[in-house]
Undergrad: 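Take this structure, written in structure tokens, and hold onto it; I'll ask about it next.
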Amino acid sequence: MIETLLSASGGATSGGEPQIILAVVLGLLFALGTFLILRRDVVRVVWGVSIISQAANVYLVTMGGLRGSVPIVSHGGGGHGTPTDPLVQALVLTAIVIGFGTTAFALVLTLRVYEEHGTIDLSEVSE
Amino acid sequence: MALAHVVVAPLVITLVTAILTLLTRRYGRLQRAISLLGIGGYVLAVGAIASRVFSIGVLTGASGETTTLTYQLSDWGAPFGISLVADALSAFMLVLAAIVSVAALVFSARYVTEYGQRVAYHSLFHFMLTGVTGAFLTGDIFNLFVWFEVMLMPSYVLVVFYGRSEHTRAALQYTVLNLLGSALMLVSIGGLYATTGTLNMADMSRRLTHASQYGIDPAPVLGLSAILLAVFALKAGIVPFQFWVPAAYKAAPAPISAMLAGVTKKVGVYAIVRLVFTVLGGASLDSALGLGLSGSAFSDFLGPVLFIMAVGSIFVGGLGAVSRNDLDGVLAYSSIGQVGFIVLAIALAAGTEGPIRTVSLIAVLVYSLNHAIAKSLLFLISGVIQESVGSTRFSAVGGLASRRPILAGSFFLGALAMIGIPPLTGFFGKLLVFDSAGQALEAGVPFAELALGAALLGAILTIIYMSRAWSQVFWGSQTEPVAHAYRPTSLVAIVAGFSLLVVVLGVGFDPVYRVAETAAHAAIDHAGYVDAVGPEVGQ
């Protein structure tokens, strides 16, 4: 979804624009995540958490700036223009892997909660 | 050349041990032997680091010289590669972690004996220790996030270890909260990278000290570091992020509760100290921010926040502990209150300068050491009672003192150390907290009298809930389950041996104090930290 928004706004070359769109998208993602976490259904809470952690990843990429127009390693013929900071993308890869593991664990835990309590309604679980 | 690798040794040893115990999970005795061998190697590695960081002169008081060991992974230079830094503060925390994990693991070898439980336990334990070690050693703020995750993931599994309904509920709460904390930490790290242009702690400290030179606006950095502080406070389990603590500690197996209270909470404390005094040590705003706060250094703003958290923790923990009806609950709430004392000392250090700041940080470290040892001792004793009597509820346990005099003696030592009776370690911890509050009061630091009052009330609450726990569990008439309890001889022997440490460290407190003093100096000396890591490339 973000990619289509980016290309609709003229790609990464136009400077500040994609950042503004991403800022709005990030706000929506964090709001959606928060909304889901406040639900009583455990599965929705887990979705909420994973949406928030994905939003944090997108935020991390955004923070590195998206102004670059050429790849960091130029093959043949020098690059014209500046590359985007690759460090944040490396960080995000790490964060995605960690997020994947924890989401899987949280889902298994949800299954255990259902098996032990016979319900995934948080207000009944906490009794 | 080989000596340079000593910094990374404890990490490699625990990681290899964790993997080996996973591979040998079908062979119980072999797995246990590898696990214990691994912790032995860990202690040696930590000892090697500590002996190189603290010279003999530090122990005897002849000098305060310390060395800061740095290790650039794969030889990538400081601001670009990942640095591991073992300065006096890290070395102190590593020693603390090593002491508690040896006791907890030796105890576990006897405590976690069922086949189904044994399979994953040892590797999870070592993975958690790997995360803790990495968090203490890393000099890179994103790497700190990674080690936090490495530490947390096994701890999620260990909290849900017994897998019954109350454990799944506690683990759900614990997991969701910490996942949210991790996301927030990532947000804060991303923001810090965007504003300061670096992730290396030393480089960040240097850039923030000369913020205008590097074109950094300090105001957003303050806000982002406050988010980071909230995440660390969640890990340390202080008010208002304390609510996961009691359920998680009650659900986890006793030696894991000992590790969670003794070690992983200290990772939060360490991270707060490292952030406030090393990374943000030289940072200041261009002008005072207002909000009724004076001063423009970052610590002048973060100090009051920490102060409110600390006072809240002391009261919530103390009052909660007084009203619990089982030993595990008392200990869990007590650890909220005790970490409140530690954070109170951090707040005093943040609000002051010069010698008072040093004394406050020494108080932080000595109190952390005492809490780590005494609280994990008490959790292990609670585990012995659970194992032998089958419950730690006050209604089910009573009159244990005559049936288990050695166990009672160990509990007595641990409880006295928590209360702070000389010559045990707890006395010096409390003394230093009161000393720093008193000195702050004398120097006219605002709210110092409030700090003193909170510490005093907290100390009284500690006496109340500890003596209540003692009289409920060990005195009174023997209950039916106690009369039929079996005698877990080896567990009691381990606990008794561990309890002697509280006495030994208290009686021979002089070297402990000196080591804590050098560690406190290392925490404050952000310029020395920057020089040791040496991020060469500038803007």
Side-chain angles (χ1 to χ4, degrees), chain A residues 19 26 29-30 33-34 36-37 42-65 85 87-88 90-92 94-120 122 124-127, chain B residues 79-82 131 140-143 145-157 159-200 220 224 227 231 243 247:
Chain A
Q19 247 119 332
L26 277 171
L29 280 177
F30 275 114
T34 314
L36 286 174
I37 283 174
V42 179
V43 178
R44 295 218 174 124
V45 171
V46 172
W47 286 133
V49 169
S50 63
I51 286 176
I52 283 199
S53 61
Q54 295 311 317
N57 292 345
V58 179
Y59 173 86
L60 209 56
V61 173
T62 319
M63 280 292 116
D85 187 352
L87 180 67
V88 282
L91 300 186
V92 158
T94 316
I96 286 173
V97 174
I98 292 173
F100 180 71
T102 46
T103 307
F105 175 75
L107 285 173
V108 173
L109 189 61
T110 311
L111 182 65
R112 277 302 290 171
V113 167
Y114 177 69
E115 283 177 357
E116 287 297 326
H117 298 265
T119 174
I120 49 168
L122 271 175
E124 287 172 39
V125 168
S126 60
E127 271 164 18
Chain B
F80 304 117
I82 293 169
D140 182 285
I141 210 154
F142 184 79
N143 201 229
F145 163 78
V146 174
W147 289 123
F148 265 23
E149 291 303 305
V150 172
M151 172 181 90
L152 286 170
M153 267 194 253
S155 76
Y156 300 148
V157 185
V159 167
V160 74
F161 195 65
Y162 291 132
R164 284 191 295 272
S165 65
E166 68 268 33
H167 309 120
T168 48
R169 185 169 62 221
L172 186 69
Q173 197 183 20
Y174 179 68
T175 310
V176 167
L177 266 175
N178 275 301
L179 289 183
L180 275 179
S182 305
L184 268 184
M185 187 170 176
L186 215 50
V187 166
S188 166
I189 288 171
L192 282 175
Y193 179 64
T195 44
T196 64
T198 185
L199 289 168
N200 187 290
L224 291 162
I227 298 181
V231 176
F243 36 86

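Every chain is numbered from 1, with letters handed out A, B, ... down the list of sequences.
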Undergrad: Begin with the C-alpha distance, continue with both residues' side-chain angles, and end with the deciding distance and a verdict on side chain to side chain contact (heavy atoms under 4.5 Å, CB included) for Phe80(B) and Leu87(A).
TA: CA-CA 9 Å; Phe80(B) 304 117; Leu87(A) 180 67; over 6 Å; no
Undergrad: Name the region of Ser53(A), side chain, backbone, both or neither, that has any atom closer than 4.5 Å to a heavy atom of chain B.
TA: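 Contact with chain B is through both the backbone and side chain of Ser53(A).
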Undergrad: What's the shortest heavy-atom distance between Thr102(A) and Tyr156(B), and which atoms?
TA: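 Shortest heavy-atom separation between Thr102(A) and Tyr156(B) comes out as CG2-CE1, 4.2 Å.
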Undergrad: Using side chain to side chain contact (heavy atoms under 4.5 Å, CB included), reason through Tyr59(A) and Leu186(B) one step at a time and then give a plain yes or no.
TA: CA-CA 9 Å; Tyr59(A) 173 86; Leu186(B) 215 50; over 6 Å; no
Undergrad: Please find the pair of heavy atoms, one from Phe145(B) and one from Ile98(A), that lie closest to each other, and give the distance.
TA: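 Where Phe145(B) meets Ile98(A) most closely, the heavy atoms are CE2-CD1, 4.0 Å.
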Undergrad: I'd like to know if the side chain of Arg112(A) reaches the main chain of Thr168(B), judged simply by a donor and an acceptor atom lying under 3.5 Å from each other, with no hydrogens or angles considered.
TA: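 Looks like no, no N/O pair under 3.5 Å.
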Undergrad: Can you tell me which portion of Val160(B) sits under 4.5 Å from chain A's heavy atoms? Options are side chain, backbone, both or neither.
TA: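 When you check distances to chain A, only side chain atoms of Val160(B) fall under 4.5 Å.
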Undergrad: At a heavy-atom separation under 4.5 Å, does Val150(B) approach chain A through its side chain, its backbone, both, or neither?
TA: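 Contact with chain A: none, neither part.
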Undergrad: Give a yes or no on this: more than 12 heavy atoms of other residues, nucleotides or ligands lie within 6.0 Å of atom CZ of Phe100(A).
TA: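 Incorrect, the count does not exceed 12.
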Undergrad: To check you understand the geometry: which heavy-atom pair defines the closest contact between Ala183(B) and Ile52(A), and what is its length?
TA: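 Where Ala183(B) meets Ile52(A) most closely, the heavy atoms are CB-CG2, 3.7 Å.
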Undergrad: Highest number of heavy-atom pairs under 4.5 Å with chain B: which of Val42(A), Val49(A), Leu91(A), Val113(A)?
TA: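 If we count pairs closer than 4.5 Å to chain B, Leu91(A) comes out on top.
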Undergrad: What do you reckon, is CH2 of Trp47(A) surrounded by more than 12 foreign heavy atoms closer than 6.0 Å?
TA: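 Count not over threshold, so no.
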Undergrad: Heavy-atom distance under 4.5 Å to chain A: side chain of Leu152(B), backbone, both or neither?
TA: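 Neither part; nothing is under 4.5 Å.
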Undergrad: With a 4.5 Å heavy-atom cut-off, do Phe142(B) and Thr94(A) have their side chains touching?
TA: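 Side-chain contact under 4.5 Å: yes.
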Undergrad: Measure Phe30(A) against the heavy atoms of chain B and call it side chain, backbone, both or neither at under 4.5 Å.
TA: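 When you check distances to chain B, only side chain atoms of Phe30(A) fall under 4.5 Å.
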Undergrad: What are the two closest heavy atoms between Glu116(A) and Ser165(B), and how far apart are they?
TA: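 Closest heavy-atom pair between Glu116(A) and Ser165(B): OE1-N, 3.3 Å.
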Undergrad: Go through Val187(B), Leu199(B), Leu184(B), Thr195(B) and name the one with the most non-hydrogen pairs under 4.5 angstrom from chain A.
TA: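 Sorted descending by pairs with chain A, the first entry is Val187(B).
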Undergrad: Working to the nearest 0.5 angstrom, can you tell me the gap between Leu109(A) CG and His167(B) NE2?
TA: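 It comes to 13.0 Å.
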